[in-house]
Engineer: 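Quick one: this structure, given as structure tokens, is what I'll be asking you about.
Quick caveat, the model's predicted, so the values are computed rather than measured. In what follows, chains carry the letters A, B, and so on, assigned in the order in which the sequence lines appear, proteins first and then strands, with residues in each chain numbered from 1.
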Amino acid sequence: MRTMETVFIAMSGGFDSSFAAYLLKKQGYHVVGITFRLLPPSLRDDNNPRACCSIETVHRAQRAAAHLSIPHYVIDLREEFESAVIQPFIDGYQSGDTPNPCVLCNRFIKFSAFAERAFSIGADKIATGHYALVEERSGTHYLLKGTDRSKDQSYFLYPIKPDVLKKIIFPVGHYRKEELKKLAGDLKWDIRSLPESQDICFIPENNYRAFLAPHIQPKPGPIYLTDGTLLGKHGGLHLYTIGQRRGINIPYKEPLYIVDVRPEENSLVVGGKNELGRRIIHAREINILYHTQETVTAKIRYRQKEVPCTYTVHGDSMTVTFAEPISSPAAGQSIVLYHGDIVIGGGIITRNAASKG
RNA sequence: UGGGGUGUCGUCAAGCGGUAAGACACAGGCCUUUGGAGCCUGCAUUCGGAGGUUCGAAUCCUCCCGCCCCAG
């Protein structure tokens, strides 16, 4: 009988990661529960049960660990989170981009800082409650979509480095959400009452504009129609993103959407829905996990069906060309490539490089 | 000051004597481990004001007020 593997699982106190811990334990791993401290005191919100490190959240994770009779520790990643996620989030909006904090968190916190820490103190593997899969096929590890396509979170996971990928387990990735709920119903502890994590963990009530308010000085500017007509004014570029409809506050014969954000002149360009499509997208800071010559697809947001495309890599950037225009690619968001279920990789969409098509 | 036009929801706009369409905007909700999108719901007891005619008026008449053109 081989030595029991030690798995450190990131526990948020929510349903998915708690159940993931349960599954690992059941599979015979030596499981250690870990909860992160991520927020500086100024952002701590002990009244928000979904906030990532409120007192209540930590307690919930501790209780879950106790139910499973596994050790539980809290590790402090506040500095890393502040410099790698929160500050870039603010800076991104300030500069007219639309950052994706979950992607940054996975890239720099969960599958970097936490992973390093875990491996340095005895973990063989790490695990999270993400709906995705890591599979080994003839010596190579692949990142795959979760079995439950409606919950698949592989989009957020593309930045994982290959050497870390092979040491990851996503225990809930094999299940459909309803299966998990059903299995959970048979357990002694009331795991189903645990909250579902969602929204940005450091932003209360999902109101990122309110979160940014104290950090960004509002800088009003003009709003133009695509033909150059001055239509109105905006209250600061950080309040808008490509493809946005609500909040533009301009009555017009048809709904208007943000077609372009121009930080150089602090202006916004709006147009009809049919003006949002782009066929060519450039991305930076790419991470490629898999190579193929076959037809690939890509998407530029979570919960979107992938669109056929081709891509060419140049160093750490790439150009993706879609067969059909894809709507509203925003600088700062991520584009992720797939070959069937397999995540090829992805990168961050760059400004002024999303071409018309 | 003469002549003409016009005044209906925040904006645009139906209505033309029978008891206020619609679009955009806005608000709320749903969806959702990013933003955005999408979907659902709400949104003028009242038609510039005051009288009058009618069983009945935003719709007809009178006066007043406000805008917009043309002329001086």
Engineer: Ignoring hydrogens and angles, write down the donor-acceptor pairs under 3.5 Å from the side chains of residues 318-327 of chain A, residues two or more places apart or on other chains.
Structural biologist:
| from | atom 1 | to | atom 2 | distance (Å) |
| --- | --- | --- | --- | --- |
| A:T319 | OG1 | A:H282 | ND1 | 2.9 |
| A:T319 | OG1 | A:H314 | NE2 | 3.0 |

Engineer: Taking only the side-chain heavy atoms of A:R246 (C-beta and beyond), determine which of B:G35, B:A37, B:U32 contains the nearest atom.
Structural biologist: B:A37
Engineer: Answer whether the closest heavy-atom distance between the side chains of A:Y338 and A:S154 falls below 4.5 Å.
Structural biologist: yes
Engineer: Within 45 degrees of the ring normal and closer than 6.0 Å to the centroid, is that where the cationic atom of A:K125 sits relative to A:Y29?
Structural biologist: no
Engineer: By the 4.0 Å heavy-atom rule, please label A:Q333 as base, sugar-phosphate, or nothing.
Structural biologist: base
Engineer: Is the phosphate of B:G36 approached by A:R209 (side-chain N or O, under 4.0 Å from OP1 or OP2)?
Structural biologist: yes
Engineer: Rounded to whole Å, please give me the gap between CZ in A:F211 and P in B:G35.
Structural biologist: 13 Å
Engineer: Checking all strands, does A:Y240 fall into the base, sugar-phosphate, or nothing category for heavy-atom contacts under 4.0 angstrom?
Structural biologist: nothing
Engineer: Closest to the A:Y302 side chain: B:U32, B:C24, B:G35?
Structural biologist: B:U32
Engineer: Short of 4.0 Å, heavy atom to strand atom, which residues of residues 149-161 of chain A count as contacting RNA chain B?
Structural biologist: A:K151, A:Q153, A:Y155, A:F156
Engineer: Hydrophobic clusters here meaning ILVMFWY residues chained together by side-chain heavy-atom distances under 4.5 Å, can you tell me if A:Y224 and A:L268 are in one?
Structural biologist: no
Engineer: Base, sugar-phosphate alone, or nothing: which one does A:I250 contact when heavy atoms must sit under 4.0 Å apart?
Structural biologist: sugar-phosphate
Engineer: Classify A:Q304 by what it touches in the nucleic acid, base, sugar-phosphate, or nothing, heavy-atom distance under 4.0 Å.
Structural biologist: nothing
Engineer: Within the structure shown, what part of the strands sits under 4.0 Å from A:I258 by heavy-atom distance: base, sugar-phosphate, or nothing?
Structural biologist: nothing
Engineer: I'd like the P distance from B:A58 over to B:C16, given in whole Å.
Structural biologist: 13 Å
Engineer: Distance alone, cut at 3.5 Å: any donor-acceptor contact between the side chains of A:D16 and A:Y131?
Structural biologist: yes
Engineer: Send over the distance from A:N207 CG to B:U34 C1', rounded to a whole Å.
Structural biologist: 14 Å
Engineer: Any side-chain N or O of A:N206 less than 4.0 Å from the OP1 or OP2 oxygen of B:G35?
Structural biologist: yes
Engineer: Would you say that more than 12 heavy atoms from the other residues, nucleotides or ligands in this model lie under 6.0 Å from the NZ of A:K219, or not?
Structural biologist: no
Engineer: In whole Å, what is the span from the CG atom of A:N100 to the P atom of B:G35?
Structural biologist: 8 Å
Engineer: Check whether the side chains of A:Y257 and A:S328 place a donor and an acceptor atom closer than 3.5 Å, and report yes or no.
Structural biologist: no
Engineer: Under 4.0 Å, counting only non-hydrogen atoms across every strand here, what does A:G247 touch: a base, just sugar-phosphate, or nothing?
Structural biologist: sugar-phosphate
Engineer: Check this one for me: any side-chain N or O of A:K273 less than 4.0 Å away from OP1 or OP2 of B:G38?
Structural biologist: yes
Engineer: Both distances under 3.5 Å, Watson-Crick or G-U wobble: report the partner of B:G72, or none.
Structural biologist: none
Engineer: Does any nucleotide pair with B:U32 by Watson-Crick or G-U wobble geometry, both distances under 3.5 Å, and what is it?
Structural biologist: none
Engineer: Angle between ring planes, A:Y302 versus A:F156, binned at 30° and 60°: parallel, tilted or perpendicular?
Structural biologist: tilted
Engineer: Distance check, C1' atoms only: B:C47 and B:A57, in whole angstrom units.
Structural biologist: 11 Å
Engineer: Please report the distance, rounded to the nearest Å, between CD1 in A:I300 and P in B:U34.
Structural biologist: 15 Å
Engineer: Nearest-nucleotide wise, let me know which of A:R245 and A:H130 is further upstream toward the 5' end of RNA chain B.
Structural biologist: A:H130
Engineer: Once you round it to whole Å, what is the distance between C1' of B:G35 and CG of A:L212?
Structural biologist: 11 Å
Engineer: So, A:Y240 and A:H234: side-chain donor and acceptor under 3.5 Å apart, yes or no?
Structural biologist: no
Engineer: From C-beta outward on A:N249, which listed nucleotide comes closest to its side chain: B:G35, B:C24, B:C26?
Structural biologist: B:C26
Engineer: Measure the distance from CD1 on A:I281 to C1' on B:G36 and round it to the nearest whole Å.
Structural biologist: 14 Å
Engineer: Tell me: CD of A:E254 to C1' of B:A23, nearest whole Å?
Structural biologist: 11 Å
Engineer: Please report, rounded to the nearest Å, how far the P atom of B:G35 is from the NZ atom of A:K299.
Structural biologist: 15 Å
Engineer: Could you go step by step and tell me if A:F211 and A:F202 meet the ring-ring contact (aromatic ring centres under 6.0 Å, His included) rule?
Structural biologist: CA-CA 9 Å; A:F211 169 83; A:F202 58 93; 5.4 Å; yes
Engineer: Can you check ring-ring contact (aromatic ring centres under 6.0 Å, His included) on A:F36 and A:F81, steps first, answer last?
Structural biologist: CA-CA 10 Å; A:F36 309 140; A:F81 195 72; 9.1 Å; no
Engineer: More 5' along RNA chain B: A:Y257 or A:Y93, using each one's nearest nucleotide?
Structural biologist: A:Y93
Engineer: Sugar-phosphate atoms are those with a prime plus P, OP1 and OP2; base atoms are the rest. Using that split, label each nucleotide of nucleotides 6-11 of chain B B, S or - for protein heavy atoms under 4.0 Å, 5' to 3'.
Structural biologist: ----BB
